[in-house]
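Note that ligands are numbered from 1 as they come in the structure, with each ligand's atoms numbered from 1 the same way.
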Amino acid sequence: MLAIPGPSRQNLGPIMSDLPLRSTIIGAGHYVPTKVVTNDDLAKLMTTSDEWIQQRSGIKERRFIEHDDIGASDLALPAAKMAIEHAGLQAKDIDAIIFATLSPDYNFPGSGVLLGNLLGLNGVPALDVRNQCSGFLYSLSVADAWVRAGVYKNVLIAGAEVHSTGIELADRGRDVAVLFGDGAGCAIVSRATDPNQGIKALRLHADGVGARDLMVEYPRSRRIPRITKELLDEGVHYPKMVGKQVFRWAVEKMPEVAQQVMDEAKLSVDDLDLFVPHQANMRINQMVGMKLNIPQEKIVHNIEKYGNTTAATIPLGLSEAWREGRCKRGSNILMAAFGAGYTWGGAVITL
Ligand code: ACO
C-alpha cells in the first residue's frame, strides 16, 4: 500500500506524546516604510484637512512605500526577521508560514510563498489568509491549532499591507484614502513551555450581511471581462466603504467578542496587562475601551502614526509595545479586531 506522507514533523521529535496544551506567541517584529505622509500632505491631493482626519479617526500621519515595486512580502521580510530573532530562532526553524493581507503582491500566487522564498524557506508550506482587519486573529487561530495538534512547531504569521497603491488619492476616494497606511507585523507561534502561558481563549466570527459595506468591487471573476477601461474610469477598483455602518458594527462587536474571550479565559480587566485592538479608528478603540472599562494606559494606540494597516495592526502594535516594555513574558494580552466581511474576533493570550 502506498504510504501517504503526513504533514512535516521534522522538528517535533518522533512521537506526539509531548503535545503542548497550549501555543503562545514567542516573538514579534514589525516594519514600516520610511516615507511619512502627513494629513497636510494628503490635503494637497484632495479636499480634506488635518483637523477633519484627526477628529474623525485620530490619524496624524501614515507610512507609504518609498517607490514603485515594493510589495506586502517585501514589507513582511524585515518584520519576519525581527520576530524570528526576538523568538531566539533562526529562519530555518520556521516550519510553516501564514500570510494575512488584503493587498497581496499579486492576485495570485499569495504573498506567503513570496515571503518564504525571501526567507530562504523553500519547501516550507505557506497559507494566505484573506480576512482583512481580522486576518491576524484568523491566522493566530490556525497557527494555534497546528501547534497544539503537533502538525507544525514554529509558525510564522505575517500581517502586511501596501494600501498606498490601492487607494484613490483624490476627492472621490477621500473618505477611505485618509484612513489607510502601509506596514507589516509578524509573530512566531510556538508551543507554550510554562503551564500558565498560552492562548487561553480565541473566538472568530463572520457575517456576510456586511460584505458590500466595505469592498473592492473590481476586477471580479464573476464578470466578463473582469475589468474594462470604462470601469477603471469610474474608479470601481478602489475600496468603497459605508463608514457609518462599519463604525456601528465595530463598536458593538469588538466589545462583545472581547468580553467573550475574557470570560472564557476567566480573566477580568484588572488581570489584563495590555489591550491590543485593531487600529481602524481611534474613536472606535476609545469606545471599546470605555464599554469594557479598560483604562486608556492599558490600550495600545498607534493609529496616529500609521493609520490603518489592516492585517498588520495587531502584530505591529504588539511588537512595538513589547519593545517599549509595556508587556513581557507572562503578561496577559487581550486582542480584538473588526473589519471587512464583516469578520471579527478576539483572543486572550499570556505571553
Ligand atoms: N476629509 C474631509 N471631509 C470628508 C472626508 C475627508 N477625508 N471624507 C468624507 N468627508 C465628508 C463627507 O463627505 C461628509 O460630508 P457631508 O456631511 O457633506 O456629506 C462628512 O465628511 C462626514 O462624513 P461621514 O462619513 O459621515 O464621517 P464619519 O463621522 O462617519 O467618519 C469614518 C468617517 C472615519 C470613515 C468613520 O465612519 C469610520 O471610522 N468608520 C469605520 C471604519 C472602519 O472601522 N473600517 C473597518 C476597518 S477597514 C478593513 O476592514 C479593511
Side-chain angles (χ1 to χ4, degrees), residues 37-62 72 100-104 129-139 159-183 204-217 235 238-255 257 277-288 301-304 306-314 316-317 335-345:
V37 178
T38 64
N39 294 340
D40 287 335
D41 292 332
L42 293 183
K44 290 174 196 147
L45 304 170
M46 62 189 83
T47 315
T48 191
S49 66
D50 179 47
E51 191 196 359
W52 192 96
I53 300 170
Q54 281 208 49
Q55 197 184 63
R56 303 291 167 130
S57 70
I59 299 167
K60 294 181 179 163
E61 58 189 41
R62 73 285 294 139
T101 186
L102 67 66
S103 52
V129 166
R130 297 285 306 272
N131 288 78
Q132 298 73 247
C133 298
S134 314
F136 178 75
L137 292 177
Y138 271 75
S139 304
E161 307 284 358
V162 175
H163 282 304
S164 56
T165 53
I167 47 179
E168 189 170 25
L169 295 166
D171 278 9
R172 189 172 60 178
R174 65 177 181 169
D175 58 328
V176 174
V178 299
L179 301 176
F180 291 96
D182 303 341
L204 304 174
H205 299 278
D207 193 334
V209 74
R212 302 192 69 81
D213 288 346
L214 180 49
M215 75 186 318
V216 176
E217 281 193 84
Y238 294 118
K240 296 282 176 301
M241 178 168 75
V242 187
K244 277 199 190 333
Q245 183 72 348
V246 179
F247 192 99
R248 257 183 242 124
W249 273 72
V251 294
E252 184 186 324
K253 295 302 178 190
M254 278 177 71
V257 74
H278 169 55
Q279 311 281 314
N281 186 323
M282 179 81 95
R283 287 191 299 154
I284 293 179
N285 290 350
Q286 283 166 341
M287 285 168 85
V288 174
H301 297 291
N302 58 20
I303 191 165
E304 67 278 14
Y306 305 135
N308 182 349
T309 57
T310 309
T313 58
I314 292 180
L316 204 168
M335 301 169 176
F338 181 89
Y342 299 130
T343 60
W344 64 102

Checklist entry - Do you see a protein non-hydrogen atom under 4.0 Å from atom 11 (C) of ligand 1? => result yes
Item to check | ligand 1 atoms in contact with Leu102 (distance to a heavy atom under 4.0 Å) | outcome: 51 (C)
Checklist entry - With atoms numbered from 1 as shown, which atoms in ligand 1 lie under 4.0 angstrom from a non-hydrogen atom of Val178? => result 7 (N)
Item to check | Any non-hydrogen protein atom less than 4.0 Å away from atom 30 (O) of ligand 1 | outcome: yes
Next on the checklist: How far is atom 1 (N) of ligand 1 from the closest protein heavy atom, and which atom is that?
Outcome noted: Thr48 OG1, 2.6 Å
Item to check | Per-atom contacts, ligand 1 versus Asn281 - under 4.0 Å to a heavy atom | outcome: 34 (C), 38 (C), 39 (O)
Checklist entry - Any protein heavy atom sitting closer than 4.0 Å to atom 17 (O) of ligand 1? => result no
Checklist entry - Nearest protein heavy atom to atom 22 (C) of ligand 1, by residue and atom, and its distance? => result Arg56 NH1, 3.4 Å
Checklist entry - For ligand 1, does Ile284 get within less than 4.0 Å through its side chain, its backbone, both, or neither, judged by non-hydrogen atoms? => result side chain
Item to check | Test item: side-chain donor near acceptor, His278 and Thr313, under 3.5 Å | outcome: yes
Checklist entry - Do Arg174 and Glu168 meet the salt-bridge criterion of a basic N to acidic O distance under 4.0 Å? => result no
Next on the checklist: If the cut-off is 4.0 Å to any non-hydrogen atom of Arg283, which atoms of ligand 1 fall inside it?
Outcome noted: 29 (O), 31 (O)
Checklist outcome for this item: Counting from 1 in the order shown, the ligand 1 atoms closer than 4.0 Å to a non-hydrogen atom of Phe180 are 48 (S)
Checklist entry - Under a 4.0 Å heavy-atom limit, does Trp52 contact ligand 1 with its side chain, its backbone, both, or neither? => result side chain
Next on the checklist: Tell me whether ligand 1 is touched by Leu179 - counting only heavy atoms on the residue side and a distance under 4.0 Å.
Outcome noted: yes
Checklist entry - Parallel under 30°, tilted from 30 to 60°, perpendicular over 60°: which one fits the rings of Trp249 and Trp344? => result perpendicular
Next on the checklist: For the 3.5 Å polar cut-off, considering only N or O atoms, please tell me whether Gly243 and ligand 1 meet it.
Outcome noted: yes
Checklist entry - Side chain, backbone, both or neither: which part of Ser57 comes within less than 4.0 Å of ligand 1 when only heavy atoms are counted? => result neither
Checklist entry - Are a donor atom and an acceptor atom from the side chains of Asp41 and Thr38 found within less than 3.5 Å of each other? => result yes
